[in-house]
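This one's a predicted model, so the numbers in the text were calculated from it and none came from an experiment.
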Amino acid sequence: MTAQDFGTEISRELVAPRGPWSTVLRAGQVLTIVDVDGNQAVDFLAYDAHDTAKAYSAQATLQGQESVFLTTGSVLRTNEYEPLLTIVATDVARHDTLGGACSKESNTLRYGHHTYAQHACAENFMAELGRYGMGKRDQVSNVNWFMNVPVDPDGALGIVDGISSPGLSVSLRAERDVLVVVSNCPQVNNPCNGFDPSRAEMIVFSGATVS
């Protein structure tokens, strides 16, 4: 699919390196996330806009598709197995569901106490969720667009160099009204951002009405 298949462009916003972003997508609208400079992980939360207790669930999503990676046709599901968003196009073969979001606490555990003061995705999420009257208890499992987290035969995970490059994108169609929250990942201690966080672009298209 191409941008022409997604309807009229409604908005286009550039998210700075390490920055947060959020919006409410109406049913049928398409969000295209662009890895502007390449090798940038974009952390992502999603909620039913009218009942935020119905949030993206990694467990339900992975069980529903029987794969740990997201690609074209993957459906992001709530904890009640209801569809939130469908990947309608992607320039990258797969996206991560397992690596989680960085935080001061996880940075300390993985990389040492000297990292505690570093800005992290958890802080970005809290800042954006607060705009909608939500808080720490509402932060659920997240998707990491463009992030490369291979799973070894023994079950071990590794965060390695990304498989994206400048200008590649992923496009998601909202299956209902959906609140989406983004952290343009600030991580500098592993290769998920090439040790140099960069820009992401968020483009919303009108799409088609979901019946």
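- Partners of Pro197 by side chain to side chain contact (heavy atoms under 4.5 Å, CB included), not counting sequence neighbours, listed by chain and number: Pro17, Arg18, Gln40, Val188, Asn193.
- Arg12 meets the salt bridge (Lys or Arg N to Asp or Glu O under 4.0 Å) test with Glu9, Glu201; sequence neighbours excluded.
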Could you give me the CA-CA distance, side-chain angles and deciding distance for Asp43 and Phe125, then say whether side chain to side chain contact (heavy atoms under 4.5 Å, CB included) is met? CA-CA 9 Å; Asp43 290 37; Phe125 284 150; 3.6 Å; yes
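- For the pair Ser198 (side chain) and Asp37 (backbone), a donor-acceptor distance under 3.5 Å is absent.
- Considering only residues two or more places apart in sequence or on other chains, Tyr111 meets the side chain to side chain contact (heavy atoms under 4.5 Å, CB included) condition with Asn107, Thr115, Gln187, Asn189, Asn190.
- Within the 4.5 Å cutoff, side-chain heavy atoms of Met134 are placed close to those of Leu179.
- Closest heavy-atom contact between Ser171 and Thr32: OG-OG1, 2.7 Å.
- The side-chain hydrogen bond (donor to acceptor under 3.5 Å, both in side chains) search around Thr78 returns none, not counting sequence neighbours.
- No chain of hydrophobic side-chain contacts below 4.5 Å, direct or via other Ile, Leu, Val, Met, Phe, Trp or Tyr residues, connects Leu45 to Val143.
- No continuous path of ILVMFWY side-chain contacts below 4.5 Å connects Val36 to Val15, so the two sit in separate hydrophobic clusters.
- One N or O on the side chain of Asn184 and one on the backbone of Ala16 form a donor-acceptor pair closer than 3.5 Å.
- For the side-chain hydrogen bond (donor to acceptor under 3.5 Å, both in side chains) test, residues two or more places apart in sequence or in another chain that qualify with Gln65 are Ser74.
- Leu85 has its side chain within reach of Leu25: a pair of non-hydrogen atoms, C-beta onward, lies under 4.5 Å apart.
- The distance from the OG atom of Ser141 to the CD atom of Gln59 is 5.5 Å, given to the nearest 0.5 Å.
- No single ILVMFWY cluster, assembled from side-chain heavy atoms under 4.5 Å apart, contains both Val178 and Phe205.
- Side-chain contact between Leu172 and Leu84 is absent, with no heavy-atom pair separated by less than 4.5 Å.
- Follow the hydrophobic side-chain contacts under 4.5 Å out from Met147 and you reach Leu62 in the same cluster.
- To the nearest 0.5 Å, the span separating CD on Glu175 from CZ on Arg77 amounts to 9.5 Å.
- The one candidate from Pro186, Ser106, Pro20 that meets the side-chain contact (heavy atoms from CB on, under 4.5 Å) condition with Cys121 is Pro186.
- Applying the side-chain hydrogen bond (donor to acceptor under 3.5 Å, both in side chains) rule to pairs touching residues 91-100 yields Thr90-His95, Asp91-Ser169, Arg94-Asn148, Asp96-Asn144, sequence neighbours excluded.
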Candidate pair Ile87 and Val170, rule side chain to side chain contact (heavy atoms under 4.5 Å, CB included), full reasoning: CA-CA 7 Å; Ile87 300 178; Val170 57; 4.0 Å; yes
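- Sequence neighbours left out, not one pair with a member in residues 104-124 passes salt bridge (Lys or Arg N to Asp or Glu O under 4.0 Å).
- Using a 4.5 Å heavy-atom threshold, the side chains of Val181 and Asn142 count as separate.
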Show me the side-chain donor-acceptor pairs of residues 150-166 shorter than 3.5 Å, one per line, residues at least two apart or across chains.
| residue | atom | partner | partner atom | Å |
| --- | --- | --- | --- | --- |
| Asp154 | OD1 | Ala156 | N | 3.0 |
| Ser164 | OG | Asp35 | OD2 | 2.7 |

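- The ring pair (Phe, Tyr, Trp, His ring centres under 6.0 Å) contacts involving residues 20-62 comprise Phe44-Trp145, where partners must be two or more places apart or lie in separate chains.
- Note: Asn79 CG to Thr61 OG1 = 10.0 Å, rounded to the nearest 0.5 Å.
- A pairwise comparison of heavy atoms in Val88 and Phe6 identifies CG2-CE2, 3.8 Å as the closest pair.
- Applying the 4.5 Å side-chain rule to ILVMFWY residues, one finds that Tyr116 remains a lone member of its cluster.
- Under the 4.5 Å side-chain heavy-atom criterion for grouping Ile, Leu, Val, Met, Phe, Trp and Tyr, Phe69 is connected to Leu98 within one hydrophobic cluster.
- Using a 4.5 Å cut-off on side-chain heavy atoms (C-beta onward), Met202 and Val182 make contact.
- Taking the side chain as every heavy atom from C-beta outward, His119 and Asn124 approach each other to under 4.5 Å.
- Surrounding NE2 of His113 are at most 12 heavy atoms belonging to other residues, nucleotides or ligands under 6.0 Å away.
- For Asp177, the salt bridge (Lys or Arg N to Asp or Glu O under 4.0 Å) criterion is met by Arg26, not counting sequence neighbours.
- Among residues two or more places apart in sequence or in another chain, the salt bridge (Lys or Arg N to Asp or Glu O under 4.0 Å) test is passed with Glu82 by Lys54, Arg176.
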